[in-house]
Amino acid sequence: MAASLFVSLWLLSIVMGHVTGVTRDWRLRSAVPGDPGFHDNRASSIPSTPPGPEPEPGDLAAAFKVPTLDGEFNYQPGSLDGSVVVHAFTNKSGFLESLWSCPSSLSSLVQDLPGSTSLLFLSLDDSAASDALWMREQLQRAALRSNKKEVLTRLHFSPVPVFALGNWIPNILYYWGCKGHNCGLSQAAFTSDGWKIPIIVKRLDARYDWLMARWGSNSQRLVDAGDGCKPWPAVAGAVAWVSDGNCSFFTKVQNMAKSNASGVLVFSLPGNPIQDMNCIEDECNTPLNIPAAMVHQEASVAQALLLKQVVSVSFQTTPSPNFFFAVDHQGALAEMGWFLYPTFSFINWQAQWFDFSADLQTKLQSPAKVVSVFDKVQMQGEKGAVATVDLPSDLWDFDTLELDASLSCPGRRDSSCAVWDHTVQLFVCCDQLGPYCNTELGRWITAFRRGIGRWLTDVSPLMPLLDTNRCTFTMKTVPWAKPWIVSLNLRFSANNQTAGGLEKVEKFRPFRVESLFTGGTFDKDYNKRYRPMKFPMPPSTRKVELYAVITGHGSDENGCGEFCVTSHHFLINAVYNNTRIFDSAGTALGCTKRVKEGAVPNEHGTWLYGRGGWCDGLQVSPWRIDITKQLDFAGVGSNTVIYFGLFDGRDPNPSQQPGNIIMSSFLIFYK
Ligand SMILES: *[C@@H]1O[C@H](CO)[C@@H](O)[C@H](O)[C@H]1NC(C)=O
Ligand SMILES: *[C@@H]1O[C@H](CO)[C@@H](O)[C@H](O)[C@H]1NC(C)=O
Ligand SMILES: *[C@@H]1O[C@H](CO)[C@@H](O)[C@H](O)[C@H]1NC(C)=O
Ligand SMILES: *[C@@H]1O[C@H](CO)[C@@H](O)[C@H](O)[C@H]1NC(C)=O
Ligand SMILES: *[C@@H]1O[C@H](CO)[C@@H](O)[C@H](O)[C@H]1NC(C)=O
């Protein structure tokens, strides 16, 4: 690859009208002495296309063998009781350099890699042998620091470059390719009149959630601004060239923004890696509107600036092979999604999801009466997906109803999936004329550009709604969303086993569902809309449950209701305060904690942030609370319930763009 980059630079320099001849000191490595003999074997660096269709995500992975520093990694279908994540490193990527250098990234891998996961590390470059030794050393040191040596037995490092593996792995990496945060080679290209050819170096842009501004495609003047720790008027209109150190990244970018720079390039001090430039704590509350990136110091650039020569810089991304793929527990090839910033946590999250998915497969093997509602049906537009199905006539033999729902995409790659995290609702109508026609039976949120989501949701308390033999199910999301492919099975089962195999557990059976309150615009009048509801106790009631599905959406000046902490209170008989608080809303990693429960990881967008009662790519779990003891069973009509919703413990009072709460809530009567 070093050789082919040279060819393209050489062509570029001809195009630019310069005489060629001198090769510059690119930041690109050539073969290291001692590498197994893969010097300039360019023929083998071009992946050959095997006959037959290319492997796609979901296809079974064929057997493969890869030489490693310790011997060989030998994958045989069915031989592993877990997943394998394959990562191909290249030091031509600033993103990967940072991923492999940042202590918190390395320690997250050794501390949190699920026990079922093996990792195979490859290198795309001629320097594979030294890359493998270096990667192993980085992780060995991190494992020693964290006292987690066990993990090392599951990490495998290959000294053979990807282009010489002689198996199908390169085909996946090259053919799948990728776009977005974790791949492609982001670069800064410098030119100066004194130079024959441009100098092109890798760069890592500042964190996605901090500096939103992006580099333009035009060439800009580069101006030295020292360490960037004080304003520097000379950079007005130019890209500031600033050294690392002496003050925070935030201070540098803020000073340069105040000086009207068009962007900032921070170079690392000699011997230091490229870092993930981020803001810290309160700094993050001040928006800065210029782009910034980190690069290595470049001697020729520094020298030209010192000599007051004009240096220009432009920004480019060169496509690259994919750096990641995986083989899941079932032996199927899988994409790894987007890595929003350089940390191995994204590998851990995807691996946690493989574990979740394998457990789900096991659960789906347990006995149940399965009624298929949608089988890979397209859901789009006002209508959504609609089906009328016959239900089992022996409903009363079952005490459990689960929704087994999945959302996939029109194509097999995540790149074919719809964008954004939208609400998906399932409505059921069993009696066209009854008050419960089109009651919400389930709710999910779409996974932003990922097609792997599948969830099992227990909605047993709502079984009385299905108490006829034929029902119509409608599943829909916002009408403007691109299509999703939905599958939905109703799983009826009897969980009435005896506890410990001996004692018969007393069973309650839901026989009546009463609708309570719905949500609405989350503004100062939100709680004025609600009045206490009196409810009679149906004869033979033995237990009463509160059942609610609540999610917060929209964004007022406090981030309500998606990213603010709201609480939802159901006050029974003016005394008992049943409270649901969305306290992880707005936290930086709130939704990563729910990957183990099936939240789809490594989506596009900001799936990591905690939200008001939901996560991207997850079902909204019903909130259930037994209120039997709060009720008066003696009198008739003597029980009341009132709902109110608060922001930070107070009535909401937004000054602009109020958010909204989507809520279905019920009383469930059991006998
Ligand atoms: C990666 O590249 C940087 C500069 O380009 C260099 O300092 C560093 O030693 C390289 N790391 C490896 C493992 O080759
Ligand atoms: C940090 O500040 C000192 C004192 O002003 C200066 O000599 C030094 O060059 C600065 N360091 C960097 C990396 O710019
Ligand atoms: C930056 O631009 C603004 C608006 O054009 C101007 O008022 C200000 O003086 C400039 N600041 C510097 C440091 O050049
Ligand atoms: C409970 O289990 C028995 C036998 O295993 C079955 O016949 C019955 O239908 C189940 N359901 C209920 C709700 O009792
Ligand atoms: C219910 O509890 C919440 C928080 O725990 C509190 O803010 C609210 O005032 C309580 N309401 C009543 C009526 O007790």
Side-chain angles (χ1 to χ4, degrees), residues 1-13 16 18 20 22-30 89-102 124-127 131 181-206 214-225 228 238-245 249 252 261-277 291-306 309-320 323 342:
M1 289 197 65
S4 56
L5 187 67
F6 168 67
V7 171
S8 56
L9 291 181
W10 179 74
L11 283 172
L12 183 62
S13 62
M16 293 175 67
H18 295 301
T20 60
V22 194
T23 63
R24 296 204 74 93
D25 162 36
W26 351 93
R27 315 277 86 206
L28 306 168
R29 306 168 52 111
S30 55
F89 172 72
T90 171
N91 201 25
K92 298 182 178 81
S93 158
F95 181 94
L96 293 182
E97 184 188 325
S98 172
L99 176 86
W100 276 97
S101 308
C102 170
L124 290 161
D125 299 337
D126 288 325
S127 52
D131 289 346
H181 285 283
N182 54 330
C183 39
L185 304 175
S186 298
Q187 295 153 345
F190 301 98
T191 53
S192 181
D193 277 346
W195 304 345
K196 294 192 173 67
I197 53 174
I199 294 174
I200 298 173
V201 302
K202 58 190 167 185
R203 70 168 212 269
L204 176 62
D205 288 341
R214 288 284 158 254
W215 297 106
S217 54
N218 54 328
S219 182
Q220 299 172 68
R221 176 86 190 264
L222 187 72
V223 171
D224 188 336
V239 172
W241 175 252
V242 160
S243 73
D244 188 16
F249 291 129
K252 293 173 197 291
S262 59
V264 187
L265 278 182
V266 177
F267 58 85
S268 60
L269 299 176
N272 288 350
I274 289 179
Q275 298 168 55
D276 180 23
M277 284 170 67
M294 193 150 186
V295 295
H296 283 281
Q297 188 178 22
E298 179 53 55
S300 338
V301 171
Q303 202 193 5
L305 291 174
L306 197 68
Q309 288 163 358
V310 174
V311 178
S312 299
V313 61
S314 61
F315 300 90
Q316 61 183 32
T317 301
T318 301
S320 73
F323 302 138

task: Please test Val295 against Trp241 for side-chain contact (heavy atoms from CB on, under 4.5 Å), starting from the C-alpha separation and ending with a verdict.
output: CA-CA 10 Å; Val295 295; Trp241 175 252; 3.8 Å; yes
- prompt: Checking side-chain contact (heavy atoms from CB on, under 4.5 Å) for the pair Leu99/Phe89: CA distance, chi angles, key distance, verdict?
  reply: CA-CA 10 Å; Leu99 176 86; Phe89 172 72; over 6 Å; no
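Formation of a donor-acceptor pair under 3.5 Å by the Lys252 side chain with backbone atoms of Ser243 is found in this model. Side-chain atoms of Glu97 come within 3.5 Å of backbone atoms of Ile274 as a donor-acceptor pair (strictly under, hydrogens ignored).
Side-chain atoms of Pro342 and Leu204, non-hydrogen and from C-beta on, do get closer than 4.5 Å to each other. Val301 has its side chain within reach of Trp195: a pair of non-hydrogen atoms, C-beta onward, lies under 4.5 Å apart. Within the 4.5 Å cutoff, side-chain heavy atoms of Gln316 are placed close to those of Ile200. Leu185 is not listed as a side-chain neighbour of Lys202, based on a closest heavy-atom distance of 4.5 Å or more. Side chains of Asp193 and Val310 form no contact here, defined as non-hydrogen atoms less than 4.5 Å apart. Looking only at side-chain heavy atoms (C-beta outward), Phe323 and Phe95 stay at 4.5 Å or farther from each other. Under the 4.5 Å side-chain criterion, counting only non-hydrogen atoms from C-beta, Phe315 is in contact with Leu265. Looking only at side-chain heavy atoms (C-beta outward), Trp100 and Asn91 stay at 4.5 Å or farther from each other.
A search for side-chain contact (heavy atoms from CB on, under 4.5 Å) contacts involving Thr317 returns Ser186, not counting sequence neighbours. Under the rule for a salt bridge (Lys or Arg N to Asp or Glu O under 4.0 Å), the partners of Asp205 that lie at least two apart in sequence or sit in another chain are Arg203.
In this structure, Leu305 CG and Ser192 OG are separated by 8.5 Å, a value rounded to the nearest 0.5 Å. Considering NZ of Lys92 and OG1 of Thr318, their distance stands at 11.5 Å, rounded to 0.5 Å. Taking OG1 from Thr191 and CD1 from Ile199, the interatomic distance works out to 9.5 Å, rounded to the nearest 0.5 Å. Met277 contributes atom CE, which lies 8.5 Å from atom CG of Asp244 (distance to the nearest 0.5 angstrom). The CE atom of Met294 lies 9.5 Å from the CZ atom of Phe267; values are rounded to the nearest 0.5 Å. From Asp131, atom CG reaches atom CG of Leu124 across 9.5 Å, with rounding to the nearest 0.5 Å.
Ser268 and Gln275 share no side-chain donor-acceptor pair at under 3.5 Å. When only modelled atom types and interatomic distance are considered, Thr90 and Asp125 share a side-chain donor-acceptor pair under 3.5 Å.
At most 12 non-hydrogen atoms from other residues, nucleotides or ligands lie less than 6.0 angstrom from CD of Gln303.
Here the closest heavy-atom approach between residue Ser217 and residue Ser314 is recorded as O-CB, 4.4 Å.
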